[in-house]
> 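One structure coming up, written as structure tokens, with questions to follow.
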Amino acid sequence: MTHTPRMLLVLSENWTLTGGRADLPAVVRWAREAEDAGFDSVMVSEHIVLGPDAAADGIMGNPRDYALPGNQDPYTPWPNSLLLLAAIASVTERLRLAAAAVLAPLRHPLLLARELGTLDLISEGRLLVQPTVSWSKDEYDALGVPFGRRGRLLDEHLEIWAKAWGPSPISHDSEHYPFRDVYFEPKAYRPEGPRLWFGGQHLHGPVLRRLVRYGHGFHPLGRPSPQDMHLLKDAMAEAGRDVADLEMIGGTQGVFHDDHSTADLAAALASIPEQLEQGFTTFCVKPNQFIDDPAGVGAFCRDVIRRVEALTA
């Protein structure tokens, strides 16, 4: 069974189109243009700080490529994702707002639940959250958070968020975030809180466990193997859930012929029909992989929608 593809515009890492400082309002404008063009959602990722380990494997050759662990210039701008999404929520009506790579262990879970819940209310339930532990030890060290405990900290966040969306008062007994009888009001837009996506480079134990217990969407980094998909299906079934109920987030990847040129959009979109057949329904596209004109994002979004409709007609 195939579905109509939903297109997601990646608004992070487009610094060949905008510098990430005084021109941040352009990013908000792009989101409105994406909505007008027929896009389903936008995505903003985050880092709080970067350290030398950001470039441990050497900086990416073409600055239009995706940022990965160890390939980033430490000077790369990373504006606050939730504030940026709040600005986007105020100028859009139906566009879903994906807060990707939310580095939960770097905050207290009640504080982050407050921020997420408020953004979900402002957007009237349009918020998607992909919490993660990330990869930069330098970032954890700078914020005084033990890097080796990041997985356990994320698990506690998820437990506490689930409590926060439920009836007050709430309590939590743990080594890291103990509290008693606190009242958390207002709640998020939905009784169960914002939609949660999980993903990463590999569908290993913790990611799979969190996805099965809390997840509404699976957003792998790259294409998952058939073995990963079988593992996911079996784990969901064992938990009494149907893998078909998960939103499956695929993507497009530009191929650069040198370090100075954009990629071919048609070639990047060509894999969408195959991904649809595999069960993926939502597809990420990053505009600066394909265009260099910051004034051309609206036209680019319309072009993407036309091409995708032609591919899947």
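Side-chain atoms are counted along with the backbone in the values below, which use heavy atoms only and exclude waters and symmetry mates.
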> Taking 4.0 angstrom as the limit, do R302 and E309 come out as a salt bridge?
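Salt bridge flag = no for E309 with R302.
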> With R150 as the cation and F147 as the aromatic partner, state whether NZ or CZ is under 6.0 Å from the six-membered ring centre and within 45° of the axis.
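Yes, R150 and F147 form such a contact.
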> Validate the cation-pi geometry between K163 and F184: distance from NZ or CZ to the six-membered ring centre under 6.0 Å, angle to the ring axis within 45°.
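Ring-cation test returns no.
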> Identify all side-chain donor-acceptor contacts of residues 84-93 below 3.5 Å with residues at least two apart in sequence or on another chain.
| residue | atom | partner | partner atom | Å |
| --- | --- | --- | --- | --- |
| S90 | OG | A87 | O | 2.6 |
| T92 | OG1 | I88 | O | 2.8 |
| T92 | OG1 | R126 | NH1 | 2.8 |

> Would you mind checking if E247 and R6 are paired as a salt bridge, meaning a charged N to carboxylate O distance below 4.0 Å?
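Between E247 and R6 there is a salt bridge, with a charged N closer than 4.0 Å to a carboxylate O.
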> When you check the gap from the basic side-chain N to the acidic O, do D292 and R64 get nearer than 4.0 Å?
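Yes, D292 and R64 are salt-bridged.
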> Side-chain donor-acceptor contacts of residues 108-117 below 3.5 Å, not counting sequence neighbours, with atom names and distances?
| residue | atom | partner | partner atom | Å |
| --- | --- | --- | --- | --- |
| H108 | ND1 | L110 | N | 3.0 |
| R114 | NH1 | P186 | O | 3.1 |
| R114 | NH2 | E185 | O | 3.0 |

> Could you point out which residue of H219, R96, H216 forms a side chain to side chain contact (heavy atoms under 4.5 Å, CB included) with L128?
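The side chain to side chain contact (heavy atoms under 4.5 Å, CB included) with L128 is passed solely by R96 among H219, R96, H216.
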> Inspect the surroundings of NZ in K187 and state if more than 12 heavy atoms from other residues, nucleotides or ligands are less than 6.0 Å away.
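Counting neighbours around NZ of K187, more than 12 heavy atoms of other residues, nucleotides or ligands fall under 6.0 Å, so yes.
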> Counting distance only, does the side-chain N/O of D23 pair as donor-acceptor with the main-chain N or O of G19 below 3.5 Å?
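Yes; judged by distance alone, with no hydrogens or angles, the pair exists.
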> Donor-acceptor pair, distance only, cut-off 3.5 Å: does the side chain of D245 make one with the backbone of R241?
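Judged by distance alone, no pair lies under 3.5 Å.
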> Do Q275 and S271 have side-chain N/O donor and acceptor atoms under 3.5 Å apart?
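Present: a donor and an acceptor within the cut-off.
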